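To start, the structure under review is shown below, and the notes come after it.
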Amino acid sequence: MHNLSFERLGFSRLFVDFIASGERIQSRFQANAALSDTTNTFASVLASEAASREYRAQVIEAIEATMHQIQRTPAQERNIQALLQSHTLTVTTGQQVGLLGGALYTMLKGWTAVATAQNLAKAHTTLQFVPIFWVEDNDHDIDEISRISLINTQGDAYTLQASWNLKPERTAAADVVYDETIEATITEAIEALPNSEHSHSVAELLRTTYTSGTPVVGAFVSILQAALGEAGILFVSAAELRKRGLFKTIVKKELETTGASAQLVEQASTTLTSHGYHAQAQASAANLFLHTDGKRHKINAAEGDDTFQAGEIRYTHNELLKIAETEPHRFSPSVLLRPVVQDAVLPNVAYIGGPGEIAYLAQIQELYPHFGLTPTATLARHSATLLDNRTAQVCEKLGVPAEFFFRRYAEIEQDIMHQQENKALVSALDSTKATIEQAFADLLPHITALDPTLAPTSDRMKHQALQGITDLEAKIRKAQKRLEETTLGKARKAASLLFPEGGLQERALPYLYFAAKVGFEALAGTMQELAKQEATAHIIVNIE
């Protein structure tokens, strides 16, 4: 393993300062400092927080409903029992549904949550900590949850896109089911798996998981289970929680104080931008979506009056409040309100997030007291690039680190060709031609003194000698081109693995791709070792 700074990789200034515990940005995350407190006083605070949560039974119902189609592991069964106890807190991470289990960072979140829960349990022995993966399936962006990057048999990265006979529009992922077109998508995915002794088990998992009639959430959870189940993490569908009415308190408060959240977020955003940071997301008057007849619509304040628009329908303020009271399951939060809802429902002590999430979490800290909640700690997920032996060998042969490939391939190719250029050979050929020119020039006066008619013959012989060098140069260029093509071919494949489609591997390739290379068990071991490291840099990890 070796580390690369986030600043070097072009991550946002806000995230770089967050990782460095910069004073200005850490002032937005005051709960983080308390998390490292191992005193009895803080343990009492945590115990009180755990005991105050009223939704444990309903949360466990939602977890069991989310995981009903999978065989739970002993570690998961223990954590379900632990979650029933009033002295148990959660460490939560989450992600929207993703094809093939989503990109690598999805699983990195899970492994970070598992490690964090274990570390907290060691620090606070009177409490229990359970890792939770919040499956954000209220989201309705079907395009985003239907694509993933893979590497084809030629070694090029490309985007695999699931298709639909009738594409769902504005439908929450929780209500979407794969049709028969998924079978062709999965066949293509299987063909793109690396050829190894482990690819068969991954292919079989994909065939049995992705079938016509399978809910997209069920397929996603099955892949999560294959990767993380033995570690004991529990999966909970946001839609299952919503359908149980557990968002009601936050939804009602948001509607009763319309515009208040937006004002608090705007003030926080102004503070952030004044410090040179960016505002990740923009709040609205009501940071909610309304689910109507199987469609999910953003609630927007209508122009010109006091009504609200959700899809084609207008509602008065009182009408929305009435729906919130009698049908709270019809509301889901927007991105800025989701963490608040999450922490209102779960006995949560920390959230594990990526750079984008940390950026918008910096905007919403004032929402917690507004909704009568205590902010939870925010921790960064681990960030990594996985390196197989073949790619490591390419790097070694070229004499470059893995990060050499973290850029446009045209630049990589140019540098390799320059590196491969045999300057000594070029110089020797040029010197040889110059020597021939000089040798014949020195001979010419002696030849013409003996017989002037020999001058044309001398000139002809000189050109023949020079032509011989030119012919040799052509053969050398062909040999070098063959060598370059071999080297560049390997470099192109390395670039596709390490920086697929021009971006970090963790945001493109699925965890399953690497499981097919080394097996789930070996990959899990690598992830466990990775999660022991501080999440303060991007880590290059050899998986073989």
Side-chain angles (χ1 to χ4, degrees), residues 12-15 17-18 22-35 49 52 92 94 134 136 138-139 238 242 246-290 298-303 306-310 315 317-318 320-321 324 328 331-346 348-351 353-379:
S12 72
R13 180 186 170 192
L14 186 153
F15 182 67
D17 283 3
F18 175 87
E23 183 178 351
R24 285 180 172 176
I25 194 61
Q26 284 299 333
S27 68
R28 304 293 307 152
F29 298 97
Q30 296 186 10
N32 286 15
L35 196 63
E49 185 70 20
S52 69
T92 304
W134 177 288
E136 187 41 75
N138 288 316
D139 191 88
R242 169 175 60 83
L246 300 187
F247 299 173
K248 181 177 180 178
T249 300
I250 302 301
V251 168
K252 285 183 64 179
K253 178 77 171 181
E254 177 71 357
L255 291 172
E256 289 166 354
T257 59
T258 302
S261 293
Q263 185 176 357
L264 291 170
V265 171
E266 184 178 350
Q267 290 169 353
S269 300
T270 299
T271 299
L272 287 168
T273 53
S274 72
H275 293 323
Y277 301 127
H278 70 287
Q280 181 77 6
Q282 186 172 357
S284 55
N287 295 283
L288 297 166
F289 287 84
L290 186 63
K298 182 75 178 69
I299 300 174
N300 294 308
E303 295 183 7
D306 295 329
T307 63
F308 294 85
Q309 185 106 14
Y315 299 87
H317 192 199
N318 285 336
L320 288 176
L321 285 170
F331 293 88
S332 61
S334 68
V335 64
L336 289 170
L337 203 57
R338 179 199 53 76
V340 178
V341 168
Q342 179 177 278
D343 291 337
V345 171
L346 299 175
N348 206 33
V349 68
Y351 182 77
E357 290 169 298
I358 287 169
Y360 70 69
L361 285 165
Q363 297 176 262
I364 67 166
Q365 295 301 298
E366 285 76 14
L367 294 186
Y368 281 85
H370 173 67
F371 287 99
L373 298 171
T374 302
T376 58
T378 299
L379 304 177

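The structure displayed is predicted, hence computed values, not measured ones.
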What's the separation between atom CZ in Phe247 and atom CZ in Arg338, rounded to the nearest 0.5 Å? 10.0 Å
If you compare all heavy atoms of Pro375 against all heavy atoms of Ala31, which two are closest, and at what distance to 0.1 Å? O-CB, 3.6 Å
Min side-chain heavy-atom separation Leu361-Tyr351 under 4.5 Å: yes
I need the Ile250 CD1 to Asn287 CG distance, nearest 0.5 Å. 12.0 Å
Walk me through it: do Val340 and His370 pass the test side-chain contact (heavy atoms from CB on, under 4.5 Å)? CA-CA 10 Å; Val340 178; His370 173 67; over 6 Å; no
Strictly distance-based, threshold 3.5 Å: is any side-chain N or O of His317 a donor or acceptor partner for the main-chain N or O of Leu255? yes
Donor-acceptor side-chain pairing of Asp343 and Thr376 below 3.5 angstrom: yes
Scan for side-chain hydrogen bond (donor to acceptor under 3.5 Å, both in side chains) pairs involving residues 263-275, sequence neighbours excluded, and state none if there are none. Ser269-Gln363
dist Tyr360:OH -> Leu272:CG (nearest 0.5 Å) comes out at 14.5 Å
Write down the atom of Ala324, the atom of Pro328, and the distance for their closest heavy-atom approach. O-CB, 3.4 Å
Without swapping roles, check the side chain of Asn32 against the backbone of Ala377 for a donor-acceptor pair under 3.5 Å. no
Answer yes or no: is there a donor N or O on one side and an acceptor on the other, between the side chain of Lys298 and the main chain of Ala286, under 3.5 Å? yes
Ignoring hydrogens and geometry, is there a side-chain-to-backbone donor-acceptor pair from Gln365 to Ala362 under 3.5 Å? no
Stepwise side-chain contact (heavy atoms from CB on, under 4.5 Å) check, Phe308 with Leu320: CA-CA 9 Å; Phe308 294 85; Leu320 288 176; 3.8 Å; yes
Working for side-chain contact (heavy atoms from CB on, under 4.5 Å), residues Ile299 and Phe331: CA-CA 10 Å; Ile299 300 174; Phe331 293 88; 3.7 Å; yes
Min side-chain heavy-atom separation Gln342-Glu136 under 4.5 Å: no
How about Tyr368 and Pro339: do any of their side-chain heavy atoms sit closer than 4.5 Å? yes
Using side chain to side chain contact (heavy atoms under 4.5 Å, CB included) as the criterion, list what pairs up with Ala262, not counting sequence neighbours. Ala283
Approximate separation, where rounding is to 0.5 Å, of Leu337 CG and Phe289 CZ: 11.0 Å
Criterion side-chain contact (heavy atoms from CB on, under 4.5 Å) on Trp134 and Asn348, from CA distance to verdict: CA-CA 12 Å; Trp134 177 288; Asn348 206 33; over 6 Å; no
Side chain to side chain contact (heavy atoms under 4.5 Å, CB included) partners for Asn318, two or more places apart: Thr316, Leu321
Roughly how far, to the nearest 0.5 Å, is CD of Gln280 from CD1 of Ile364? 12.0 Å
Restricting to pairs with a member in residues 246-259, which pass salt bridge (Lys or Arg N to Asp or Glu O under 4.0 Å), not counting sequence neighbours? Lys248-Glu325, Lys252-Glu325
Just to verify, what does Asp17 make a salt bridge (charged side-chain N to carboxylate O under 4.0 Å, His left out) with, not counting sequence neighbours? Arg13
Is the shortest side-chain heavy-atom distance between Val341 and Pro333 below 4.5 Å? yes
May I have all residue pairs that pass side-chain hydrogen bond (donor to acceptor under 3.5 Å, both in side chains) and include part of residues 22-31, sequence neighbours excluded? Arg28-Glu366
Closest approach of Leu14 to Ala359 (non-hydrogen atoms, all atoms of both residues): CD2-CA, 3.8 Å
